[in-house]
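Written below as structure tokens is the structure these notes are about.
Everything numeric here is computed off the predicted structure, so don't read it as measured data.
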Amino acid sequence: MGKKGRKERKGRGAEKTAAKAERKAARRSRKDEEDLEALIAHFQTLDAQKTQIVETPCPPPSPRLNASLSAHPEKDELILFGGEYFNGQKTLLYNELYVYNVRRDTWTRVDIPGPPPRRCAHQAVVVPQGGGQLWIFGGEFAAPSGEQFYHYRDLWVLHLTTRTWVQVKATGGPSGRSGHRMVAWKRRLILFGGFHESTRDYVYYNDVYAFDLDTYTWSKLSPSGTGPSPRSGCQMSVTPQGSIAIYGGYSKQRVKKDVDRGTQHADMFLLRPEEGREGKWVWTRINPSGTKPTPRSGFSVAVAPNHQTLLFGGVRDEEEDESLEGDFFNDLYFYDATKNRWHVGQLKGPRPERRKRRRAKKEGPGGASEPHRGGAGAPQPLEVVREVVAEDGTVVTIRQVLPASGSGSVDRPPSEDEDSPEEVGGPGAGPSPRSNAMLAVKHGLLYVYGGMFEAGDRQVTLGDLYCLDLHKMDEWKVLVETDPGAQEWLEEPDSEEDSEDDSEDDSEDDGGESGVEGDETSPTVGGPGEQSGDRPEQNSGPRRRGSRPEGKESAPGCPGHAAGPEGPPSEG
């Protein structure tokens, strides 16, 4: 009896200890959130010093990921908002607004009074009402410690004609989150999924909300049928038939104490309104044919001129308990909702090069006709590896996989001025492999901006801009070049005290331009290994994969991007 009594007392003691730890964690979580809210309020006070609209011609924005890139519905412009940058010690968060004129190839920074607080991994959708409106929901903010993250649940609209920001306060909306996806459907915004993390735990969502653009009210949808499991960073796009397609995404779950394992989803669903039942929706799981994307997270999404959904890049992670390795991609896939089919987006190469290949193909070695390519002799994808040496001596290795000549999959007959699929060759130099890039489509041209890749423990944030004609599918054009090896990279502080000192210095800095140096609102963050065990999401901070864009299909990681007049808005 005595021994049993001791065991019972020991068990009750363990329960009390666990309950005490839980209460302590809850108090810490509340304090962390209060600290973050105070910091955000401080930054908003700085933003309140802006009293008039100022448009300043400028060079391209600094490198970033998990921002939003959206096509203006009426003008020849792309709109870039927010995002983040990590240099090994600090994460800089932005709420700047940039406009890129696609005709003039010029950038303008637009400072508008009362902007949304700094954030990344939000969603942005453009609608044509009132000459054009940019709607933004959610996202996250990183604390100076790099251990806490504040998830927004606010809704903002930028009136593009008057250049004014307005916060729309409507009850009944989604909880605070990052890595969600949002699209414009008729006169509503439809939002799905995402995740939220606190000091104590994290949670992924698969709920669906609708915001009415006429009544400015939220409603929670309860679709029938079996829908996607909770996730963030998925593809979400409107089909020509009026349904909403959901593909892939990322989630984490705890497999044992202090050990989390991520899942890169590859399933696909349709969300559609039920016929004859106003306000009722239904989930349907679908299994498209064709060549599907390999499992990945951090891909970006846009909508092509033919209303096909375009998927670009991303990363496939191989996770162990204490490590994370990833293969980054720069390939293109298209989903045709009309045919329920995926196919690879194969580039043809410049026209003079195609003519040379055709002549060589017809003549063959010694003038003979080249035999049909296939079977074991079929060309294989070409892997190109190049090394860039940074100023500090660090060697950054960039691996790029080029599709094999003649291996393309094109699901449309060639026109008179196009080559047949058999004459299609490999693409020219395009965007390097990356995740969490920003995508947008304007006038049938696909624009890819920024993103990130990793070289060992080093995270390289990109600031380049590429363009691809989706009608010709011939070659990428470089609009902004950047040298990844020249990026500043700082080692982690030797002690927590050093990190705290840096945080205080950054918080007290009131001035500076945007970018890597001198942003007065630059919260510091921890080291580069936060994806596997520390952070459940790619959507903010280093090693944050699977949510966006970025998660924005920024989304268009990331992070949400509108496709412009050629197609319905989509997120990336």
Check for a donor-acceptor pair, side chain of Arg64 on one end and backbone N or O of Gly450 on the other, with a separation under 3.5 Å. no
Any pair counted as ring-ring contact (aromatic ring centres under 6.0 Å, His included), so long as it reaches residues 217-243, sequence neighbours left out: Phe137-Trp218, Phe211-Trp218
Contact summary for Gly242 and Pro273, nearest pair of heavy atoms: O-CD, 4.1 Å
Hey, what do you get for OG (Ser68) to CE (Met438), rounding to the nearest 0.5 Å? 8.5 Å
Between Arg163 and Glu55, does a salt bridge (Lys or Arg N to Asp or Glu O under 4.0 Å) hold up when you go through it step by step? CA-CA 10 Å; Arg163 299 286 173 95; Glu55 299 187 13; 2.8 Å; yes
Are Trp135 and Gln133 linked by a side-chain donor-acceptor pair shorter than 3.5 Å? yes
Any Leu462 side-chain heavy atom under 4.5 Å of Met452 side chain: no
Verdict with supporting geometry, Leu191 and Leu189, side-chain contact (heavy atoms from CB on, under 4.5 Å): CA-CA 6 Å; Leu191 184 147; Leu189 304 178; over 6 Å; no
Given side chain to side chain donor-acceptor pair (under 3.5 Å), test Asn66 with Glu84 step by step and report yes or no. CA-CA 6 Å; Asn66 293 328; Glu84 60 177 307; 2.6 Å; yes
is_close_aromatic(His151, Phe141), centroid dist under 6.0 Å: no
Spatial distance of atom CG (Asn101) from atom OG1 (Thr108) [nearest 0.5 Å]: 7.5 Å
Taking atom CD as the centre, does Gln253 end up with more than 12 heavy-atom neighbours from other residues, nucleotides or ligands that are less than 6.0 angstrom away? no
Does any N or O in the side chain of Thr239 come within less than 3.5 Å of the main-chain N or O of Ala337, such that one atom is a donor and the other an acceptor? no
Could you tell me the separation between the CZ atom of Arg188 and the CE atom of Met182, rounded to the nearest 0.5 Å? 15.0 Å
Determine whether Gln241 and Ser243 satisfy the following criterion, side chain to side chain donor-acceptor pair (under 3.5 Å), listing intermediate values before the conclusion. CA-CA 6 Å; Gln241 297 82 9; Ser243 299; 6.0 Å; no
Step-by-step side chain to side chain donor-acceptor pair (under 3.5 Å) determination, Asp267 to Tyr247: CA-CA 6 Å; Asp267 47 3; Tyr247 168 76; over 6 Å; no
Is any side-chain heavy atom of Leu158 less than 4.5 Å from a side-chain heavy atom of Thr164? no
Could you tell me whether Phe81 and His122 have their ring centroids closer than 6.0 angstrom? yes
Heavy-atom closest pair (Cys234 atom, Ile246 atom, distance to 0.1 Å) is SG-CG2, 4.0 Å
Between His343 and Asp336, does any side-chain donor sit less than 3.5 Å from a side-chain acceptor? no
Donor-acceptor check, side chain of Lys292 to backbone of Pro288, threshold 3.5 angstrom: yes or no? yes
Do any N or O atoms from the side chain of Arg231 and from the backbone of Ser229 form a donor-acceptor pair under 3.5 angstrom? yes
Report yes if some heavy atom in the side chain of Trp283 is under 4.5 Å from a heavy atom in the side chain of Ser224; otherwise report no. no
Below 4.0 angstrom, N of the basic side chain to O of the carboxylate: do Lys50 and Asp111 qualify? yes
OG1 of Thr294 to CZ of Arg316: how many Å apart, nearest 0.5 Å? 7.0 Å
Charged N to carboxylate O under 4.0 angstrom, Arg118 versus Asp47? yes
Does any part of the side chain of Leu213, heavy atoms only, come nearer than 4.5 Å to the side chain of Val127, both counted from C-beta? yes
Taken to the nearest 0.5 Å, the spacing of Leu92 CG from Cys120 SG works out to 11.0 Å
Decide side chain to side chain donor-acceptor pair (under 3.5 Å) for His265 and Ser251; before the verdict, give the C-alpha distance in whole Å, the side-chain angles of both, and the deciding distance to 0.1 Å. CA-CA 8 Å; His265 300 280; Ser251 64; 2.8 Å; yes
Would you say that Tyr202 contacts Asp260 through its side chain, given a criterion of any heavy-atom pair below 4.5 Å between the two side chains? yes
Assert yes or no for the condition that the ring centre distance of Trp185 to Trp281 is strictly below 6.0 Å. yes
Are Ile79 and Leu160 close enough, and set up right, to give a side-chain contact (heavy atoms from CB on, under 4.5 Å), and what steps lead you there? CA-CA 10 Å; Ile79 304 165; Leu160 298 176; 3.6 Å; yes
Looking at every non-hydrogen atom in both residues, tell me the closest pair between Ala245 and Met268 and how far apart they are. CB-CE, 4.1 Å
Within the 4.5 Å heavy-atom criterion, are Gln167 and Asp154 side-chain neighbours or not? yes
Checking Tyr447 against Val102 for the side-chain contact (heavy atoms from CB on, under 4.5 Å) test, could you report, in this order, the C-alpha distance in whole Å, the side-chain angles of both residues, the deciding distance, and whether it holds? CA-CA 10 Å; Tyr447 294 87; Val102 300; 3.4 Å; yes
Any idea which heavy atoms bring Pro115 and Asn95 closest together, and the distance? CG-ND2, 3.7 Å
Just by distance, do the side chain of Lys442 and the backbone of Lys75 share a donor-acceptor pair under 3.5 Å? yes
Are the side chains of Pro61 and Tyr449 in touch, meaning some heavy atoms are under 4.5 Å apart? yes
What one should report as the nearest heavy-atom pair of Leu470 and Pro305 is CD1-CD, 3.6 Å
For residues 210-229, the salt bridge (Lys or Arg N to Asp or Glu O under 4.0 Å) pairs (sequence neighbours left out) are Arg187-Asp214
Charged tip of Arg177 within 45° of Tyr205 ring normal and under 6.0 Å: yes
Nearest atoms (heavy-atom pairs only) where Tyr333 meets Thr291: CD2-O, 3.6 Å
Check the pair Leu465 / Trp107 against side-chain contact (heavy atoms from CB on, under 4.5 Å), numbers first and verdict last. CA-CA 12 Å; Leu465 177 65; Trp107 287 92; 4.0 Å; yes
Please state whether the rings of Trp156 and Trp165 are parallel, tilted or perpendicular, taking 30° and 60° as the class boundaries. perpendicular
About how many Å separate OG1 of Thr263 and OH of Tyr250, when rounded to the nearest 0.5 Å? 8.0 Å
State, with a plain yes or no, whether a side-chain heavy atom of Leu445 is found less than 4.5 Å away from one of Leu468. no
Across all chains, not counting sequence neighbours, the side chain to side chain donor-acceptor pair (under 3.5 Å) partners of Asp331 are Arg296
Answer yes if the ring centres of Tyr150 and Tyr152 are under 6.0 angstrom apart, and no otherwise. yes
Please check: side-chain N/O of Asn330 versus main-chain N/O of Pro431, any donor-acceptor pairing under 3.5 Å? yes
